[in-house]
Amino acid sequence: MDADKHIHERLSELEEQIREYDYHYYILDQPLVSDNKYDALFAELKRIESEHPELIAPNSPTQRVGGGALEKFPALQHSKPLLSLDNAFSFHDLLEFNRRLNKITADLEYVCELKIDGLSIAVTYENGILKQAATRGNGIMGEDVTQNVRTIKSIPLKLRRPIPFLEVRGEIFMPKQEFLYLNQLQAEGGGKLFANPRNAAAGSLRQLNPVITANRKLAAYFYDVILIQGYELNSQIELLEFLKDIGLPVQKSYVKSNSIEEVYEYVQANETDRHELPFEIDGIVVKLNSLHERSKIGVTAKSPRWAIAYKFKAEEKETKLLGVELNVGRTGIIAPTALLQPVPIAGTTVSRASLHNFDLIRDRDIKIGDTVLIHKAGDIIPEVIEALVVMRTGEEEEIKPPLECPACGSAAVRLEGEVAYRCDNINCPARIKESLVFFASRPAMNIEGLGPSMIEQLLKNDLVHRVEDLYALDAQQLSKLDNMGIKSANNLLNAIEASKSKPLACLILGLGINLVGAKTARLLAENFLDINAFFEISEDDLLRIPEIGPKIAASIVNYFQEPRNIESIRNLINSGVNYTAECNRLTGILEGKIFVLSGGLEKYSRLEVEEMISNLGGKISSSVSTKTDYLILGDKPGQKLKKAQELGITIIGETELEVILNRTSMSEQPELL
Ligand code: IVH
């Protein structure tokens with residue numbers, strides 16, 4: 001009896017603690033504990049629940065992915081129509097909007113919010129418990145996507161207050177990096193690519209199997225209350241603060257503006273800065289602050305009169321397609337790249353763009369010599385949207401799929417169900433080169449000085465054929481290469497030596513297994529702890545990890561069934577490369593440390609920095625707070641730097657960051673920490 005009571009108490013204590021940590025992590029963006037501590041609590045909760053399934057609460061943090069696949073989404077009628085917004089495209093349109101309102105009210109205080117480019121969602125809570133989630137649909141009828149919305153970690157299953165009834169509206173979206181990662185997986189698996197994060201979010205939310213949605217890492221921000229019982233709200237600012245307070249995610253860039261001129265300043269500032277955000281926005285929503293004044297002003301059949309959406313111009317440019325280059329990747333995929341007349345777009349000059357595959361070239365009817373429209377997918381990756389067919393001269397040249405590999409001349413094959421053409425020769429020099437480049441790259445074994453041109457030289461001089469050969473190189477061999485003295489040869493050898501103590505996740509990533517990116521590599525390292533565990537692994541063993549789906553599992557098993565791969569790994573182990581997760585603990589030296597990155601760095605992308613820091617147990621947060629340990633000074637410090645200075649936070653540059661990362665990866669205690 002006592003023991004039962006004890007278990008009960010421990011369960012609710014764990015649930016509450018995890019909820020509190022989730023609130024600090026997802027809503028306040030100020031993690032309270034390290035990932036390890038969080039994972040340990042979560043594992044304890046799961047363990048107790050599996051021993052006492054009768055005690056599992058339907059809203060326990062472990063119960064996000066429940067129920068099986070649906071046949072279709074049931075239709076739902078919204079309790080109140082979900083309205084849309086009128087659009088503004090210029091300062092003139094904003095002035096008109098201001099003038100219309102000014103006729104009805106003198107209280108022209110506005111709130112400006114980012115217009116998140118995602119899908120509208122209405123979520124209902126009863127007594128603080130998530131009951132229902134519906135897509136907007138046509139505004140009157142939507143689809144019941146409750147099962148899938150429950151899998152979104154930033155949406156709480158239980159609010160911090162038991163409000164009798166609450167229906168909120170918000171936006172579900174896919175962060176840019178997640179979109180790029182998903183498309184990379186789709187490309188590697190030969191699947192269809194999503195055109196932009198919004199389509200990817202829609203495609204992910206409308207999956208009949210909630211396990212797939214859970215794997216897609218969607219996020220949400222809320223911005224409106226449709227119905228509420230037991231509380232009275234007076235203004236938009238109060239509403240947003242209230243939502244955050246009860247545990248819902250709210251985007252925090254909103255501001256109060258006292259004039260339409262101030263509104264326009266906010267619009268302009270965000271139009272330029274939007275590329276810095278981790279998610280896509282397509283404009284600014286301007287709302288009257290006072291809810292009382294709003295009710296006086298009213299709504300039309302389609303949209304409220306008290307709000308307007310200022311839409312940014314889509315960043316699309318015209319340029320000429322000069323040619324197409326074929327590149328063979330490490331998995332053999334022959335990828336077409338467009339060579340473009342250079343053109344500035346979304347903050348950089350673009351001269352190359354991925355064409356992804358030959359089906360896409362055919363479907364978009366793209367020819368060499370065409371004037372093409374380009375944009376940046378996910379605000380990052382340049383892409384050809386379409387060919388401007390009306391501008392053709394008749395001189396354009398068709399782009400044909402390859403019959404053979406451009407690097408080795410072997411037949412180019414197209415596997416069933418895949419869109420990609422592949423070189424199927426595992427000895428193809430281009431594939432070998434790319435595998436080596438990938439192995440030595442920063443997110444993998446991070447061997448400084450071993451970039452594409454050095455690898456090319458090593459291959460040309462017959463010094464390496466496979467990754468394990470790197471560990472047999474000596475100074476004498478290296479010093480014979482172009483531009484290589486004894487000193488640089490020794491530097492390279494030191495870097496190769498240092499890579500031996502990289503965490504297991506980096507080694508797994510470096511192997512270049514199809515579909516295994518950094519996140520999956522980390523999961524594999526955490527779950528299996530030793531590379532030897534993979535030699536006999538089955539798909540079932542892998543599918544026990546919720547984030548790993550059947551395609552990835554099959555690809556991993558496939559990789560470890562290839563005797564050549566096993567031989568390579570054994571050779572790596574014999575050369576002294578770390579192959580267990582033991583080393584992770586030694587190198588988890590940034591455990592609990594929180595970094596904030598301000599703008600871009602010279603050598604590393606945000607994703608790379610994030611990966612390197614999290615490999616060592618640290619975290620990157622998007623805003624500066626008292627919990628921040630380091631501000632990494634990038635090219636656009638702005639407000640973050642000011643805040644960090646005010647709070648007395650240690651500010652480091654790129655070089656100091658490298659010192660921290662390199663020192664820690666050799667498991668030394670860095671002075672800076
Ligand atoms: S307010 C009645 N605020 O933009 C209030 N909408 O073009 C209606 N959206 O359907 C919405 N961010 O899906 C509002 N901060 C924001 C928003 C936002 C994105 C979307 C929403 C709406 C569409 C209108």
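Counting starts at 1 for both ligands and their atoms, following the listed order.
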Q: Only pairs at least two apart or in different chains count here, so list each salt bridge (charged side-chain N to carboxylate O under 4.0 Å, His left out) that has a residue in residues 58-83.
A: none
Q | Within-4.5 Å side-chain heavy-atom neighbours: Leu321 and Val384 | A | no
(Q) Are the side chains of Glu271 and Gln268 in contact, using a 4.5 Å heavy-atom criterion? (A) no
Q | Closest non-hydrogen atom pair, Ala346 against Glu315 | A | N-OE1, 3.3 Å
Q | NZ/NE/NH1/NH2 to OD/OE distance under 4.0 Å, Lys287 and Glu113 | A | yes
For ligand 1, what N or O to protein N or O distances fall under 3.5 Å?
residue, atom, partner, partner atom, Å
ligand 1, 3 (N), Lys287, NZ, 3.0
ligand 1, 4 (O), Lys115, NZ, 3.1
ligand 1, 7 (O), Lys115, NZ, 3.3
ligand 1, 10 (O), Arg169, NH2, 2.9
ligand 1, 12 (N), Ile116, N, 3.1
ligand 1, 13 (O), Ser120, OG, 3.1
ligand 1, 13 (O), Glu171, OE1, 2.7
ligand 1, 13 (O), Glu171, OE2, 3.2
ligand 1, 13 (O), Tyr223, OH, 3.4
ligand 1, 15 (N), Glu113, OE1, 2.8
ligand 1, 15 (N), Leu114, O, 3.2

Q) Should the pair Glu143-Arg206 be classified as a salt bridge under the 4.0 Å nitrogen-to-oxygen rule? A) yes
